[in-house]
Visitor: 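Handing you this structure, nothing more for now.
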Amino acid sequence: MKQRIVIVGGGTMGLAIARLFGTHDWAVHVVDPGEAARAAATREVPGATASADLTGAGHADAALECVPEDLSLKQEILARLEACLSPDAPILSNTSGLMLAQMCTRMQHPERTLIAHFFNPPDIIPAVEVVPAPDAPAGLCDRVIDMLRALGKRPVRLDHAPAGFVANRIQHAIMRECLHLVDEGVADPAAIDEIVQWSIGIRMALAGPFRQRDLNGLGTHLSIAEYLYPDLCDRHTPSPTLTATVARGDLGRRSGKGFFDWTRAGNGTEAETAALNCIIAIARDTDAAPK
């Protein structure tokens, strides 16, 4: 008999995660109030069912909330999932940086909840950050990690996770410096993308930052850090460029324009998808997968 998962939220991430489970022979039920989201789930996920509420969520082997990053909404969804799932079914949150202690305040047994932070697109990017509750039942996190590995993912357990976990903290630190360079007129977004994508981007896909520093030499890294760190951006508020772009309503691909004009030919996602598929092929072939 197929294992069954309930996914609450059928947006970009929820739909792609549902597709991931569906293609790995899970029975998938998507909960979303939007008719279009439900139709997309039943159309794109093999054998999936969908509903506007949690009525059909019972008897699931696992559940995943994938709703917007609204704390009160996540609190409500997690409490409702707890009420309708069996006690041994893990409840997962795909939050990008909220803390379990914040999200689980309305639950009777918050220890059964874990963060499983997938990266967009979640059916392609291998890594998943997994954060269990401090008092999680013995074996629960191992069960979730085994489940994710069976989906072809590369889960990493974080027993202590600050806001943003690992990847988003690093991603935002990099993006802060990129935006600072734009603010200062050093280069435009297209030029910065070209430099990052075809230098550290490729290297990061093949070797993480610490392995890369070992290969370069730590003495060299220290020497550069001593003179470069004082000059790096350390602002504690968002970039003026980013703030102005969002204020104009330019929100990226979803609105048609952001740093780039996505309505122009050549700005599609075909090349991005091809590159990501190369990355996942590397990830699956390497012997460095966490055990």
Visitor: Any heavy-atom pair between the side chains of Phe259 and Thr241 that's under 4.5 Å?
Guide: yes
Visitor: How would you list all residue pairs meeting salt bridge (Lys or Arg N to Asp or Glu O under 4.0 Å) that involve residues 21-34, not counting sequence neighbours?
Guide: Lys2-Asp25
Visitor: For residues 127-141, dump all side-chain donor-acceptor pairs below 3.5 Å to protein atoms at least two apart in sequence or in another chain.
Guide:
residue: Glu129; atom: OE1; partner: His117; partner atom: ND1; Å: 2.8
residue: Glu129; atom: OE2; partner: Val166; partner atom: N; Å: 3.0
residue: Glu129; atom: OE2; partner: Ala167; partner atom: N; Å: 2.9

Visitor: With side chains defined as the heavy atoms from C-beta onward, is the minimum distance between His59 and Ser86 less than 4.5 Å?
Guide: no
Visitor: Compare every heavy atom of Val45 with every heavy atom of Ala18, then report the nearest pair and how far apart it is.
Guide: O-CG1, 3.4 Å
Visitor: List, by chain and number, the other hydrophobic cluster members for Leu218, where Ile, Leu, Val, Met, Phe, Trp and Tyr join if side-chain heavy atoms come within less than 4.5 Å, directly or indirectly.
Guide: none
Visitor: Can you name the closest pair of heavy atoms from Pro162 and His160 and give their distance?
Guide: CD-O, 4.0 Å
Visitor: Which other residues belong to the hydrophobic cluster containing Leu228, where Ile, Leu, Val, Met, Phe, Trp and Tyr are joined when side-chain heavy atoms lie under 4.5 Å apart, directly or via other members?
Guide: Ile224, Tyr227, Tyr229, Leu232
Visitor: Report yes if some heavy atom in the side chain of Gln212 is under 4.5 Å from a heavy atom in the side chain of Pro209; otherwise report no.
Guide: no
Visitor: First locate atom CZ of Arg235, then atom CG of Leu179, and finally report the distance between them rounded to the nearest 0.5 Å.
Guide: 9.5 Å
Visitor: Applying ring pair (Phe, Tyr, Trp, His ring centres under 6.0 Å), can you list everything that pairs with Phe21, at least two apart in sequence or on another chain?
Guide: Trp26
Visitor: Taking salt bridge (Lys or Arg N to Asp or Glu O under 4.0 Å) as the definition, give me every residue that meets it alongside Glu177, ordered by chain and number, with sequence neighbours left out.
Guide: none
Visitor: Working to the nearest 0.5 Å, report the span between CG of Leu78 and CZ of Arg106.
Guide: 10.0 Å
Visitor: Find the distance between CE (Met13) and CG (Asn94) and round it off to the nearest 0.5 Å.
Guide: 4.5 Å
Visitor: Got a second to check how far Glu65's CD is from Thr95's OG1, nearest 0.5 Å?
Guide: 7.0 Å
Visitor: Can you establish whether the number of heavy atoms outside Asp231 located under 6.0 Å from its atom CG is more than 12?
Guide: no
Visitor: Find out if a path of hydrophobic residues (ILVMFWY) with successive side-chain heavy-atom gaps under 4.5 Å connects Met204 to Ile195.
Guide: no
Visitor: For Gly249 versus Ser255, what's the shortest heavy-atom pair and its separation?
Guide: O-OG, 3.5 Å
Visitor: What are the two closest heavy atoms between Pro122 and Ala16, and how far apart are they?
Guide: CG-CB, 3.4 Å
Visitor: Evaluate side chain to side chain contact (heavy atoms under 4.5 Å, CB included) for Asn216 paired with His221, printing each intermediate quantity in order.
Guide: CA-CA 8 Å; Asn216 272 22; His221 181 78; over 6 Å; no
Visitor: Check side-chain hydrogen bond (donor to acceptor under 3.5 Å, both in side chains) between His172 and all other residues, then give those that pass, not counting sequence neighbours.
Guide: none
Visitor: With rounding to the nearest 0.5 Å, note down the distance linking CG in Leu20 to CD1 in Ile125.
Guide: 12.0 Å
Visitor: Begin with the C-alpha distance, continue with both residues' side-chain angles, and end with the deciding distance and a verdict on side chain to side chain contact (heavy atoms under 4.5 Å, CB included) for Leu64 and Val6.
Guide: CA-CA 6 Å; Leu64 170 73; Val6 171; over 6 Å; no
Visitor: Decide yes or no on side chain to side chain contact (heavy atoms under 4.5 Å, CB included) for Val8 and Leu81, but give the supporting numbers first.
Guide: CA-CA 9 Å; Val8 182; Leu81 282 170; 4.0 Å; yes
Visitor: Would you please name every residue forming a side-chain hydrogen bond (donor to acceptor under 3.5 Å, both in side chains) with Gln171, sequence neighbours left out?
Guide: Asn168
Visitor: Strictly distance-based, threshold 3.5 Å: is any side-chain N or O of Arg4 a donor or acceptor partner for the main-chain N or O of Val28?
Guide: no
Visitor: Step by step, work out the side-chain hydrogen bond (donor to acceptor under 3.5 Å, both in side chains) result for Thr245 and Asp250.
Guide: CA-CA 6 Å; Thr245 302; Asp250 296 338; over 6 Å; no
Visitor: The criterion is side-chain hydrogen bond (donor to acceptor under 3.5 Å, both in side chains); which residues satisfy it with Ser96, sequence neighbours excluded?
Guide: none
Visitor: Give the C-alpha distance, both sets of side-chain angles, the deciding distance and a yes or no for side chain to side chain contact (heavy atoms under 4.5 Å, CB included) between Leu242 and Met175.
Guide: CA-CA 10 Å; Leu242 175 62; Met175 199 62 207; over 6 Å; no
Visitor: Are any non-hydrogen side-chain atoms of Arg154 and Arg149 less than 4.5 angstrom apart?
Guide: no
Visitor: The criterion is side-chain hydrogen bond (donor to acceptor under 3.5 Å, both in side chains); which residues satisfy it with Glu111, sequence neighbours excluded?
Guide: His109
Visitor: If hydrophobic residues (ILVMFWY) are linked whenever their side-chain heavy atoms come closer than 4.5 Å, directly or via other members, who joins Val196 in its cluster?
Guide: Leu181, Val182, Val186, Ile192, Ile200
Visitor: Could you give all pairs that pass the side chain to side chain donor-acceptor pair (under 3.5 Å) test and reach residues 9-23, with sequence neighbours left out?
Guide: Arg19-Glu44, Arg19-Asp123
Visitor: Distance only, no hydrogens: is a donor on one side chain within 3.5 Å (strictly under) of an acceptor on the other, for His29 and Ser51?
Guide: yes
Visitor: What's the shortest heavy-atom distance between Arg38 and Pro33, and which atoms?
Guide: NH1-O, 3.0 Å
Visitor: Of all heavy-atom pairs between Ala225 and Pro230, which one has the smallest distance, and what is that distance?
Guide: O-CD, 4.2 Å
Visitor: Drop me the distance from Lys74's NZ to Leu100's CG, to the nearest 0.5 angstrom.
Guide: 11.0 Å
